[in-house]
Amino acid sequence: MDARFGDAAGSVPLPSPWDLNTYLADVAAYRKRPISLQPAHRSALAELGCNGNGLWIARKHDDIIVYDASASGRNADHIVLHAIGHMLLGHGGPGSEDADITRISISALNPALLDALATIAPGSITQILGRDDFGDDREREAGVFAEMTMVYAALPRRRTRSFWPFGRRKSK
């Protein structure tokens with residue numbers, strides 16, 4: 001995990017001052033896939049096994065992070081960064097070889113969530129991934145990624161603001 005975590009953490013420098021939208025744009029540029037955010041009511045997300053927090057919708061050419069519309073500040077950042085962690089750690093999504101990941105079917109989405117996603121053509125969706133779809137280890141990794149990103153984003157600026165897993169630098 002250390003090598004993958006270090007690669008994911010160091011792949012996109014953290015903006016200074018911290019700005020989630022700037023970081024999302026940088027991650028999108030790094031992955032060569034646009035990322036957009038879509039708020040939805042918590043109850044619409046809760047039925048999908050994502051604890052009402054967030055959902056990653058991978059489409060053919062872009063990604064959408066659906067998050068709890070009532071979340072704000074640090075909580076909203078954590079939900080979005082958790083999904084980004086899955087992306088940068090290679091947990092599912094386009095091109096992934098994670099055969100053991102369960103993917104949510106479009107038919108499993110409740111009407112309230114479908115209403116929130118009305119502008120998304122169902123045929124454009126390749127995968128819908130919620131928190132319960134990744135397994136405990138991947139969930140823990142994405143959670144650590146989100147927390148560490150938030151901690152390092154708050155630190156005083158140095159040359160770069162990428163972080164190394166658990167404070168260790170890569171050995172040369």
Do Trp56 and Ile84 touch side chain to side chain, with heavy atoms closer than 4.5 Å?
-> no
Where is the tightest heavy-atom contact between Leu89 and Ala142, given as atom of each residue plus distance?
-> CD1-N, 4.1 Å
Restricting to pairs with a member in residues 74-90, which pass salt bridge (charged side-chain N to carboxylate O under 4.0 Å, His left out), not counting sequence neighbours?
-> Arg74-Glu147
Working to the nearest 0.5 Å, report the span between CZ of Arg59 and NE2 of His61.
-> 9.5 Å
What residues, two or more places apart in sequence or in another chain, satisfy side-chain contact (heavy atoms from CB on, under 4.5 Å) together with Ala71?
-> Asp68, Asn75, Ala76, Ile79
Please say which of Asp63, Leu81, Val12, Thr22 ends up in a side chain to side chain contact (heavy atoms under 4.5 Å, CB included) with Val27.
-> Val12
Does any N or O in the side chain of Arg33 come within less than 3.5 Å of the main-chain N or O of Asp62, such that one atom is a donor and the other an acceptor?
-> yes
Heavy-atom distance under 4.5 Å between the side chains of Leu88 and Tyr30, does that happen here?
-> yes
Correct closest heavy-atom pair for Phe145 and Gly85 would be CD2-CA, 3.3 Å
Quick one: do the His82 and His86 side chains pair a donor with an acceptor below 3.5 Å?
-> yes
Hey, does Ile65 have a side-chain heavy atom less than 4.5 Å from the side chain of Gln38?
-> no
Are any of the side-chain heavy atoms of Met87 and Ile35 separated by less than 4.5 Å?
-> yes
With sequence neighbours left out, which residue pairs that include part of residues 11-23 fulfil the salt bridge (charged side-chain N to carboxylate O under 4.0 Å, His left out) condition?
-> none
Taking only residues two or more places apart in sequence or in another chain, which ones pass side chain to side chain donor-acceptor pair (under 3.5 Å) with Ser36?
-> none
Atom CE of Met150 and atom CG of Leu20: how far apart are they, to the nearest 0.5 Å?
-> 9.0 Å
Walk me through it: do Tyr67 and Leu55 pass the test side-chain contact (heavy atoms from CB on, under 4.5 Å)?
-> CA-CA 6 Å; Tyr67 67 96; Leu55 187 67; over 6 Å; no
